[in-house]
Each structure stands twice: as structure tokens, then as C-alpha cells.
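To start, the structure under review is shown below, and the notes come after it.
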Amino acid sequence: MSIQKIAQLAGVSVATVSRVLNNSDTVKAKNRERVLQAIQESNYQPNLLARQLRTARSYMILVMVSNIANPFCAEVVKGIEAEAEKNGYRILLCNSGSDIERSRSGLSLLSGKIVDGIITMDAFSKLPELAALIGSAPWVQCAEYADAGAVSCVGINDVDASQHVVSQLADGGRKRIALINHDLSYKYARLRERGYKSVIHLRGLDYQAVEYASELSSRAGMAAMQNLLKDNSPDAVFAVSDTLAAGALRAIQQAGLRVPEDIAVVGFDGTELADMISLTTIEQPSRDIGRKAVNLLLNKIDNPDAPTERVMMGWRFISRASA
């Protein structure tokens, strides 16, 4: 379907159709509605190549995810994709695994002008290496909040959220609260552990136990919980992801213990999994984080000299049967 055919169907000029496609304010509301209706009825797709040649943009965004199997990451990507499409962009997804060589391969798209900008969800510890590769290209770091530096970012206050979890457990009478953490190369892991330890210290609790899962999976969460159960079993467990918490629940049940009577369990992220297994958790606004990351990136693409922006989004404690 050509733009000429759209104009014929709508009963307007080709120039009017072009102005509608480019969101011009000079089109009469009546004509705009006719053009949009004709586009919808004909399932018209603009000629992207012509658009790229006209604007010197690819209208593509590279999204580098550390682990697409992580339900939280998947939800963030859904938000990124929805907001990108809303603004006429498409995304290219790279599952980097926080591996710098795999990242290097994906980032070659920047130098080739295949993408206009990049959103990363890599470990905070990788940012210096990424910065050297990305240079001055438009870039937003998503879900790993940076307190300083030149890259814009969006995330939540992980310390506050984890402090709230541990405080809730302590207020409920739990005295042996353990933490299942993951990879400390991720800033969120370090911050959530900091929040956990600070409340343990402030409350004067004698018991402190941190078990590090080998990977971000239910199986690794189960193994970490089994280790915690070997010696001086906790009466509550806070896991830094819903996936790890799901594994902990399974290990507790296999040990013949009751949740939450014997051991309370709290996760983090607020994924669909948490709802399915009735898991108490911290809900992150995952899709909104993705949408905001796109908005920050598009502002940087349109205004290369725009100042760095750091957006801290809210979180919500959801109480369910596990605690």
C-alpha cells in the first residue's frame, strides 16, 4: 500500500498524508481522522528506508539485557518495546549475559549507524568498560541506578526497599532472618544486602546469614535454601528475586517445614511468578522503568547536549501468604 493510495482512500492530498505521518500540527482534525482511518483499514506500513534516508536516523534502539530469562528483565523489555513503538521506534534485543565480548559485538551496531541509541541492563560493574565502547552515543542504564557519572539511568531505591522487607519481618516477630543474594557485581545485589544488614544491626538481632545463589534461577535458590537449613535454620528468608524465592519455598517444603509458620519467605521484583505462588514481595514498576528508559533515551537522541538524568521510581510491598 503506497502513500498515494492512502491519500486516494482518504480523499486528501499526498502532502496531507505526509504531514499526518510526520505528526504535523497543520493538519485539520477532520482530515487527520480520515487519513488515520484509511491507514488503519489498509494496514499501511510507512516506508522505513525512505524515512531513514530523510531523517538520517535508523529508528532502532539496541537493548542489551544481562539475562532475558529473568522474569523482571522480560517485563522491563516489554515496557521498552511498547514505549519505543509508541514513538515510531523498533528495538533490537541482545542477551549479553554481562559478558563484555558479547556486548562488544552488539555495540558494533552503534558505529554502523544501525541503531540510534542504546539501553543497557548490564551489571553496574561493567559500566566503565561499556562506556569506553559506547563513547558519546545516546545511552541509558536501566534498573541499575547510578549515583554519579555521565549516563542517564532509571531504577528504584534498593536499600529502602530491602530495609522495609527486613523491618516487616522483624516487626512480625522473626529473629533469625537470612538473605539469599546473587552476584555482587550487580549494584542492586550489593544495595539489597546493605539494606538487609543495616536493619539486622539496628534491631540488634544476633542471627545474620547470607547465602549466595550460583545463578538467578529457581534451582539455585533451592540449593541456597538447602544450605541455610543445614545449620541453625532461619525463621525467615529474604531473597533478592522472586525466582530465587520460589526455589527457597520448594526447599522448605521438601524439608517438611511450613511456610510461613516455620519460615517466612519474601521475594523481590513483583513478577507474575510471585502472584502465582502467593509470594510476599517488593514490586518494582518494571514496565514503567522500561518506558521511562525509552523517554530518557529519546530525549538524549533529540538533544545530545541534554544533562544527565537520574530517575528514582517507586516500589510497593505486597503481602501474601508466604509471610
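Bear in mind the structure is a predicted one, so any value in this text is a computation, not a measurement. Reckoned from all heavy atoms, side chains included, excluding hydrogens, waters and symmetry mates.
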Restricting to pairs with a member in residues 152-166, which pass salt bridge (Lys or Arg N to Asp or Glu O under 4.0 Å), not counting sequence neighbours?
Asp158-Arg192
Here the pair of heavy atoms bringing Ala220 nearest to Glu215 is CB-O, 3.1 Å
In short, ring pair (Phe, Tyr, Trp, His ring centres under 6.0 Å) pairs touching residues 226-283 with sequence neighbours left out are none
For Tyr212, check ring-ring contact (aromatic ring centres under 6.0 Å, His included) against everything at least two apart and list the hits.
none
Is there a donor-acceptor pair under 3.5 Å between the side chain of Ser322 and the backbone N or O of Val266?
no
Closest heavy-atom pair and its distance - Ala245, Leu279
CB-CD2, 3.6 Å
Between Ile180 and Ala213, which heavy-atom pair has the shortest distance, and what is it?
CG2-CB, 4.4 Å
Asn87 side-chain N/O to Tyr89 backbone N/O, donor-acceptor pair under 3.5 Å
no
Ser167 side chain to Gln163 main-chain N or O, any donor-acceptor pair under 3.5 Å?
yes
Backbone N/O of Gly270 and side chain of Asp242: donor-acceptor pair under 3.5 Å:
yes
Lys78 bridged to Glu75 by N-O distance under 4.0 Å:
yes
Minimum heavy-atom distance Gln168-Phe317, with the two atoms named:
NE2-CE2, 3.8 Å
Give the C-alpha distance, both sets of side-chain angles, the deciding distance and a yes or no for side-chain contact (heavy atoms from CB on, under 4.5 Å) between Ile118 and Ile61.
CA-CA 6 Å; Ile118 177 172; Ile61 295 172; over 6 Å; no
Using a 3.5 Å cut-off and no angle test, enumerate the donor-acceptor pairs between side-chain atoms of residues 289-296 and protein atoms at least two apart in sequence or in another chain.
{"unit_1": "Arg291", "atom_1": "NH1", "unit_2": "Asp288", "atom_2": "OD1", "d": "2.7"}
{"unit_1": "Asn295", "atom_1": "ND2", "unit_2": "Arg291", "atom_2": "O", "d": "3.4"}

Find the distance between CD (Gln208) and CD1 (Ile177) and round it off to the nearest 0.5 Å.
11.0 Å
Polar side-chain atom of Thr308 near backbone of Ala150 as donor-acceptor pair, under 3.5 Å:
yes
Please tell me whether Asn31 and Lys28 have a donor and an acceptor in their side chains that are separated by less than 3.5 angstrom.
no
With a 4.5 Å heavy-atom cut-off, do Ile91 and Met60 have their side chains touching?
no
Determine whether the side chains of Ser185 and Asp183 contain a donor N or O and an acceptor N or O closer than 3.5 Å.
yes
Measuring only between side-chain heavy atoms, which start at C-beta, is Met64 closer than 4.5 Å to Met121?
no
Residues which pass side-chain hydrogen bond (donor to acceptor under 3.5 Å, both in side chains) with Arg316, listed by chain and number, not counting sequence neighbours
Glu283
Looking at Leu257, Ile252, Asp235, which hits side-chain contact (heavy atoms from CB on, under 4.5 Å) with Asp262?
Leu257
Tell me, do Pro71 and Thr243 make a side-chain contact under 4.5 Å, heavy atoms counted?
yes
Shortest non-hydrogen pair, Ala143 vs Phe72, comes out as CB-CE2, 3.8 Å
Is it true that, when you exclude Arg250 itself, more than 12 heavy atoms of the residues, nucleotides or ligands shown sit nearer than 6.0 Å to its CZ?
no
Classify the side-chain pair Gln141/Ser152 by whether it contains a donor and acceptor separated by less than 3.5 Å.
no
Please find the pair of heavy atoms, one from Gly267 and one from Thr281, that lie closest to each other, and give the distance.
C-OG1, 3.3 Å
Just jot down the side-chain contact (heavy atoms from CB on, under 4.5 Å) partners of Ala251, sequence neighbours excluded, or say none.
Met222, Met225, Gln226
If we ignore hydrogens and angles and just use 3.5 Å, is the side chain of Asp269 paired with the main-chain N or O of Thr271 as donor and acceptor?
no
Side-chain heavy-atom pair Leu179, Glu211 within 4.5 angstrom cut-off:
no
